[in-house]
Amino acid sequence: MTEPLRAFRQRPLLERIRAWLEQHQDAAQAALRRLLGASVASQLTIAVIGIALVLPATLQVFIENTRQAARGFDAALDVSVYLKAHLPEIQGRTLATRIGQRPDVQLARYVSPDEGLTEFRRWSGLGSAVEAVGRNPLPGAIIVRPRSASTDPVAIDRLVQNLGTLPEADQVQFDGVWVRRYTSLVDAIARFAEILGGLFAVSVLLIVGNTVRLDVDARRHEIEIMKLLGASDGFVRRPVLYAGLWYGLLGGVTGCALLELLVLLVRGPVSRVASAYGSAFAVTLPSGGLILLLIGGGAALGWLGAWLAASRHLREIAPGQDD
Amino acid sequence: MIRFEQVEKRYASGQTALSDLNLSVDVGELVFLTGPSGAGKSTVLKLLGLLERPTRGRITVAGVELGQVKAAGIPAYRQRIGMVFQDHRLIHELSNWDNIALPLRLAGGLRRELDSRVQAVLATVGLDGQDQKRPNAMSAGEQQRVGIARALVTRPDVVIADEPTGNLDPNRSLDILQLFQSIAKSGVTVLIASHDQRLIEQLGARQIRLAGGRAVGSAHD
Ligand SMILES: Nc1ncnc2c1ncn2[C@@H]1O[C@H](COP(=O)(O)OP(=O)(O)OP(=O)(O)O)[C@@H](O)[C@H]1O
Ligand SMILES: [Mg+2]
């Protein structure tokens with residue numbers, strides 16, 4: 001009739017690997033078919049996972065955008081060094097070059113009293129008042145743009161102090177304190193988002209675990225029969241793990257779709273607010289990295305949730321005593 | 001092929017199902033386990049399927065001493081024997097084809113090898129062309145044939161069956177028992193627990209009679 005079974009075990013390695021791959025493919029397909037073809041319950045599970053993932057992800061998009069906005073504040077992080085009155089221009093320019101060479105400085109620009117006056121006239125609207133004074137009251141100044149200003153408040157404090165000790169300097173002024181507050185607030189929100197993300201990850205584990213456990217209970221009879229015929233724990237576990245993976249993956253895709261929708265909905269209003277403040281700031285869509293994280297992370301969480309919930313459960317299912 | 005030596009089985013409840021049982025079945029033999037209800041027939045088969053372990057004694061099947069098979073080795077051992085049940089134990093969500101192919105897949109058969117084996121074994125049990133039906137769209141006798149096909153598909157050395165005709169009328173029962181007889185003729189060792197005294201005698205097969213957990217006689221009518 002047919003070749004005895006034992007021959008399967010003595011096969012070349014390549015054929016055994018192939019059989020193993022086929023088993024995985026079968027398990028993955030069967031799990032997906034059951035999940036899609038089946039009940040409203042499994043679609044609900046996917047939706048719940050999507051929502052659980054979209055909440056921390058929304059916060060993440062918010063953070064990415066506020067950080068993006070903070071980059072426009074760079075000018076506010078400039079340090080102004082007002083030079084002593086009557087310091088010759090050539091000395092001021094030399095000093096600017098020297099400061100510009102410091103490792104913690106990105107750029108240093110000398111502003112002569114005349115240039116200073118022109119700039120002041122332009123943005124203050126007090127041109128005629130200045131005219132009345134008759135003579136230019138402004139000293140020369142050096143505008144210093146620190147490197148890594150927004151990330152390292154200690155370094156910027158040191159820079160301000162150092163510049164203050166220069167004999168040519170009269171006064172050093174730093175206006176970036178509020179930017180610093182802003183970035184540390186964003187950092188705090190980011191930390192909060194991480195914690196929230198962790199909590200929601202745990203909730204995805206629980207949701208998938210619970211769903212998969214119910215699936216296993218519903219298929220208990222089938223699993224018993226398989227074990228009776230010689231299925232290993234690994235064999236009966238495989239489709240369950242794939243089910244977890246699919247739940248997480250489809251949940252991740254759902255989450256991404258929700259997130260895109262959300263961003264598209266707030267995008268218009270936010271840019272109207274921004275343009276009211278004279279900014280061209282626009283909300284950016286979730287980054288590719290975040291989308292990958294949502295889908296890949298969802299799949300990994302689903303797999304893990306299924307493993308945690310079902311592997312012991314499946315081991316405990318023994319072929320029933322039939323009488 | 002199958003050998004019990006001074007086997008005792010006491011269940012956790014304290015019930016002694018088998019005591020000092022000795023029996024042996026040769027290669028290619030068809031043997032019936034008979035005896036009154038509670039005699040220990042099912043227990044013998046459960047021990048053979050490693051669904052239970054004996055409390056004492058030695059059991060050997062196809063050269064394997066079952067006491068040496070660890071928990072992790074049970075799946076591989078079960079893949080080597082064919083089991084048939086009174087209630088078929090078919091998976092109703094799957095087609096006949098998928099039910100019968102399952103033991104092959106468990107044993108590591110490749111996808112391209114499955115169909116020819118499944119079709120061949122379906123022909124052996126007289127169900128040619130019924131591979132796409134679901135078990136619950138078939139009669140009890142046909143379902144039992146699917147169960148037998150599933151037990152045979154890996155071409156095991158040993159097939160054990162617990163009351164395979166328990167749900168069938170006498171005509172269907174005789175058909176099934178004759179099917180087992182032809183399977184044994186092809187070289188497979190077959191051990192069947194059964195109540196069908198009259199049919200067994202009609203077949204002229206060897207019986208091992210159990211009573212109170214002991215073999216009380218071996219008759220060859
Ligand atoms: N899981 C179990 N736990 C405790 N006792 C059991 C268990 N299974 C069987 N027994 C007992 O062991 C004895 C033998 O039972 P077994 O099922 O082997 O008998 P049997 O010959 O198959 O009977 P039947 O013809 O009714 O199927 C009986 O007294 C039964 O009550
Ligand atoms: Mg019984």
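None of the values given here were measured: they were computed from a predicted structure. Basis for what follows: all heavy atoms, side chains included, without hydrogens, waters or symmetry-related copies.
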Hey, is B:Asp162 close enough to B:Lys46 for a salt bridge, meaning N to O under 4.0 Å? no
For [X], is it the side chain, the backbone, both or neither that has a heavy atom under 4.5 Å from a heavy atom of chain A?
| X | result |
| --- | --- |
| B:Ile74 | neither |
| B:Leu50 | neither |
| B:Glu163 | neither |

Heavy-atom distances under 4.5 Å only: say whether A:Ile225 touches chain B with side chain, backbone, both or neither. side chain
Please classify the contact between A:Gln23 and chain B as side chain, backbone, both or neither, with a heavy-atom cut-off of under 4.5 Å. side chain
In a check of side-chain contact (heavy atoms from CB on, under 4.5 Å) between A:Ile317 and each of A:Glu224, A:His221, A:Met226, which one passes? A:Glu224
Does a donor on one side chain sit under 3.5 Å from an acceptor on the other, for B:Gln132 and B:Asn96? no
Would you say the side-chain atoms of A:Gln25 and B:Arg111 include a donor-acceptor pair closer than 3.5 Å? yes
Give me each pair satisfying side chain to side chain donor-acceptor pair (under 3.5 Å) with a member in residues 189-203 of chain A, each pair once, sequence neighbours excluded. none
